[in-house]
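Notes to accompany the following structure.
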Amino acid sequence: MQIAQVIVDIPTRQTNNPYSYLIPDYLTDQVVPGMRVAVSFGNRKITGFVVAITDKAAFDGKLKPIDSLIDLAPVINKELLQLATWMADKTYSFKISCLQTMLPGGMRTKNQKRLIATEDSVVAAYPKIFHGQHEVDYNRQSLDNQSVTKVLELERQGKIRVEYNLTKHARPIMMKAYQAMLKPDQISGELAGVRKNANGQIRLLDILRQHPGETFLQSKLTAAGVTTSALKTGEQKGWVKATLKRHVRNPFLRPVAHTTPLHLNADQQKAVDQINIDVSDRKNDVFLLEGVTGSGKTEVYLQSIAHALETGRTALMLVPEITLTPQIVGRIRSRFGDQVAMLHSALSNGERYDEWQRINSGQAKVVVGVRSAVFAPLDNIGLIIIDEEHDSSYKQADNPRYQTRDVAKWRAAYNHCPVVLGSATPSLESRARAMKGVYRFLTLPERINHHALPHVSIVDMKTEMAQHQSILSNQLANAISDRLEKHEQIILLLNRRGYSSFLMCRDCGYVPKCPNCDISLTVHKDTHTLDCHYCGHKEPIPSVCPQCHSKRIRFYGVGSQQLEEQVRNQFPTARVLRMDVDTTRRKGSHEAIIDKFGAHKADILLGTQMIAKGLDFPEVTLVGVLNADSALQFPDFRSSERTFQLLTQVSGRSGRADKVGGVIIQTFNPDHYAIQLAKTQDYERFYATEMRVRHDGKYPPYYFTVKLTGNSPSENQTASEMFGILTFLKDNLSKQAIILGPTPKAITRINNQYYYQIIIKYRKEPNLKKTLDQILVDSQKKQRHGLQIAIDNEPLDFM
DNA sequence: AGCACGCCGACT
DNA sequence: GTCGGCGTGCTC
């Protein structure tokens with residue numbers, strides 16, 4: 001008898017190991033590791049991943065059989081199955097969360113319970129449960145305790161039937177199609193029996209002659225001039241047979257022209273050569289490819305990918321979250337055509353599913369995508385590239401909190417292939433490793449065609465604000481007028497990290513706050529609401545101060561909407577485009593804005609971070625950064641690095657073609673080294689300065705770090721439990737470990753939960769993993785007192 | 001997670 | 001004396 005080892009879809013410590021299930025006879029040899037199955041667990045039905053097939057159970061109680069298969073073929077291959085185990089361990093998360101993360105969103109199953117009333121009377125009797133409907137989804141959170149008990153009671157009485165829907169959301173699209181049934185020699189005979197003016201039928205026979213035996217989507221045939229009535233006749237006469245054919249969604253909006261490899265300069269050639277040798281020799285090095293903006297990193301990637309394909313292997317290229325614009329994908333596709341699949345958050349579930357299938361089936365050999373694409377089911381990977389490796393979107397913010405770089409290195413080791421980390425401003429971690437010889441260091445010091453770097457000037461907003469209250473300094477305003485006159489384009493960047501507009505009463509100073517969180521509400525003019533960005537609470541914008549009834553209640557802070565208004569007022573003839581979360585929410589709107597600006601149908605593009613990355617507009621000759629230092633104000637050890645990277649990156653956006661660009665940086669900290677060194681684009685000095693700061697502060701890359709966050713509905717409870725954890729840590733770690741906290745988080749209360757954190761900095765702690773695992777096990781009991789623990793290994797910030 | 005079981009306070 | 005609160009433990 002075969003036994004399936006199943007990781008069930010319940011993310012808890014106690015269910016983090018496989019459960020044994022019998023494989024019924026009729027499924028013998030059909031259940032394979034990596035498939036999902038439906039199983040009974042307790043008294044409900046849930047899904048799980050088969051991770052192994054054994055002939056003995058580790059459990060000596062009575063085993064239940066597998067109920068049914070969810071997949072006919074594995075959705076997680078052998079490599080990814082191993083990776084999931086490693087990742088769960090590394091990120092202190094559950095195996096099931098890791099497995100689910102590896103699947104494209106649309107394929108994830110949901111354990112949905114559905115209640116069906118078998119007696120009409122109960123529908124009317126319990127409106128809280130049924131809302132007047134005969135069938136409802138069972139949602140425990142939205143029901144009060146009495147209703148939950150009632151549901152169980154009605155279920156026992158047989159007045160309610162329970163169904164479990166373990167649904168997959170994305171499915172292949174099946175469309176109406178027709179299969180050609182005629183042999184070529186039958187065609188002319190049939191043609192003779194057709195009326196001369198029956199154009200549709202003639203057209204159909206024509207197509208059937210050229211493609212005997214093929215199956216055509218109905219839409220293709222009608223597009224080719226075959227009418228639906230002709231198809232009906234054809235079906236009656238036995239020419240074609242009605243059937244269904246899979247329609248593969250195509251997320252690529254436009255066809256692209258084919259391009260050929262560009263000529264490389266000496267540095268690029270050297271980089272390509274070294275990477276290619278590794279690919280051929282199946283060596284598992286990590287390269288750091290450092291090259292200033294415009295130095296031609298992408299061409300290095302493309303030619304290395306080409307080499308990987310030539311050796312019969314596949315390639316994976318990762319890009320930051322908001323960069324994956326048609327510009328980049330277009331370049332990859334123009335070289336590799338339909339072998340390219342893309343995995344990106346802007347795709348619909350269905351599109352992502354189809355792209356994933358193309359990869360899983362081996363049709364796609366090159367995958368371009370964001371963070372989660374690191375789990376693309378590619379076989380036989382020959383090269384992994386991480387572009388803009390310093391980008392913070394490579395670290396997942398919630399469980400499993402993985403760092404894409406680490407996952408990529410794991411997969412590269414498994415596949416015996418190199419990893420290329422590319423950046424103009426590498427993360428200090430990566431650069432330090434390159435200096436130590438852990439990574440191999442490749443540089444592209446020159447800009448292609450020797451374009452001059454843009455001229456960068458810094459405006460001190462302290463003196464500027466003393467003269468006039470305006471978001472735009474005189475210098476920036478003058479530069480904008482100048483470019484508008486010359487019909488050149490302008491990008492205005494609002495560094496809005498934690499900086500958005502709120503409401504304040506000018507008479508009493510009242511600021512509307514979220515009732516559930518310790519944070520002021522943000523003004524959203526489009527919806528006319530005050531929103532909480534943490535818990536989603538919304539309320540209308542008051543016209544009088546609720547506290548002192550004054551009418552002088554106004555906006556403060558600069559959001560991109562306010563900036564847009566001011567720019568339009570100051571430059572009424574300019575055509576302005578705004579790009580931020582509000583204007584890009586709709587699918588395709590991101591691309592639409594970029595296309596419009598690229599076609600010079602607007603003069604000014606303004607927006608947040610998302611306009612800083614990877615875009616290439618040759619007509620842009622001025623980049624203005626409105627508030628360069630808003631990130632610097634955060635109590636975060638990485639804020640200088642972020643600021644430097646951002647400013648360097650946006651500066652690269654100006655003047656890439658034949659025109660020399662200008663960059664104007666407005667700041668309240670004109671003397672800060674991150675800003676001064678960004679002005680001269682001096683990465684070397686920034687690296688040296690920042691490394692000294694990190695060394696003195698005992699920060700990464702000199703120290704490893706772990707962040708432990710605890711939350712509960714009571715502040716006292718949270719604090720005291722966290723102090724208990726502190727004692728436990730002190731008892732189990734060495735004297736060299738630096739433990740900071742517990743301290744309340746910057747926003748202590750979110751959704752009526754109180755958050756405290758502990759930071760651990762260390763160089764060598766052999767007991768750490770064991771100690772933290774123990775804390776998680778213990779927290780299972782403490783969670784009953786309401787405390788939840790989250791562990792973030794190598795957090796991006798200490799906030 | 002979600003359900004059952006079991007042990008202590010306010011009630012028909 | 002019971003009903004029901006939630007703290008604890010188990011699910012192959």
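What you see is a predicted model, and the numbers here were worked out from it, not measured in a lab. Below, all heavy atoms of this structure are taken into account, side chains as well, without hydrogens, waters or symmetry copies.
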**Message:** In whole Å, I'd like the distance from the CZ atom of A:Arg44 to the P atom of C:dC12.
**Reply:** 10 Å
**Message:** Nearest whole Å is fine: how far is B:dG2 C1' from A:Ile10 CD1?
**Reply:** 8 Å
**Asked** For A:Val706, does its backbone N or O pair with a side-chain atom of A:Glu794 as donor and acceptor, under 3.5 Å?
**Response** no
**Prompt:** Any idea which of C:dC10, C:dC12, B:dA4 is nearest the A:Ser20 side chain?
**Reply:** C:dC12
**Item:** Any A:Tyr138 side-chain N or O less than 4.0 Å from OP1/OP2 of B:dC3
**Value:** yes
**Request:** Give the rounded distance in Å between these two atoms: NZ of A:Lys95 and P of C:dC12.
**Result:** 18 Å
**Prompt:** Could you state the CD1-P distance from A:Ile46 to B:dC3, rounded to the nearest angstrom?
**Reply:** 12 Å
**Prompt:** For the residue pair A:Phe637 and A:Phe798, does the interplanar ring angle fall in the parallel (under 30°), tilted (30 to 60°) or perpendicular (over 60°) class?
**Reply:** tilted
**Asked** Do the side chains of A:Leu316 and A:Leu318 get nearer than 4.5 Å, heavy atoms only?
**Response** yes
**Asked** Whole Å only: how far is the CG atom of A:Leu154 from the C1' atom of B:dC3?
**Response** 17 Å
**Asked** Which is true for A:Tyr21 with a 4.0 Å heavy-atom rule: it touches a base, it touches only sugar-phosphate, or it touches nothing?
**Response** sugar-phosphate
**Prompt:** Using the rule for Phe, Tyr, His and the six-membered ring of Trp, do A:Tyr19 and C:dC12 stack at under 5.5 Å and under 30°?
**Reply:** no
**Request:** Write down the distance between CZ (A:Phe59) and C1' (C:dC10), rounded to a whole number of angstrom.
**Result:** 10 Å
**Prompt:** Within this structure, what is the CG-to-C1' distance between A:Asp60 and C:dC12, rounded to whole angstrom?
**Reply:** 11 Å
**Request:** For A:Leu63, report the nucleic acid contact type (base, sugar-phosphate, nothing); a contact means any heavy atom under 4.0 Å.
**Result:** sugar-phosphate
**Item:** Ionic contact status for A:Lys395 with A:Asp792, cut-off 4.0 Å
**Value:** yes
**Prompt:** Looking at A:Glu715, A:Lys745, A:Glu721, which one forms a side chain to side chain donor-acceptor pair (under 3.5 Å) with A:Tyr756?
**Reply:** A:Glu715
**Message:** By the 4.0 Å heavy-atom rule, please label A:Pro18 as base, sugar-phosphate, or nothing.
**Reply:** nothing
**Whole-Å distance separating the CE atom of A:Met1 from the P atom of C:dC12** = 16 Å
**Message:** Can you tell me if A:Lys113 touches the phosphate of B:dC3, counting only side-chain N or O atoms and a distance under 4.0 Å to OP1 or OP2?
**Reply:** yes
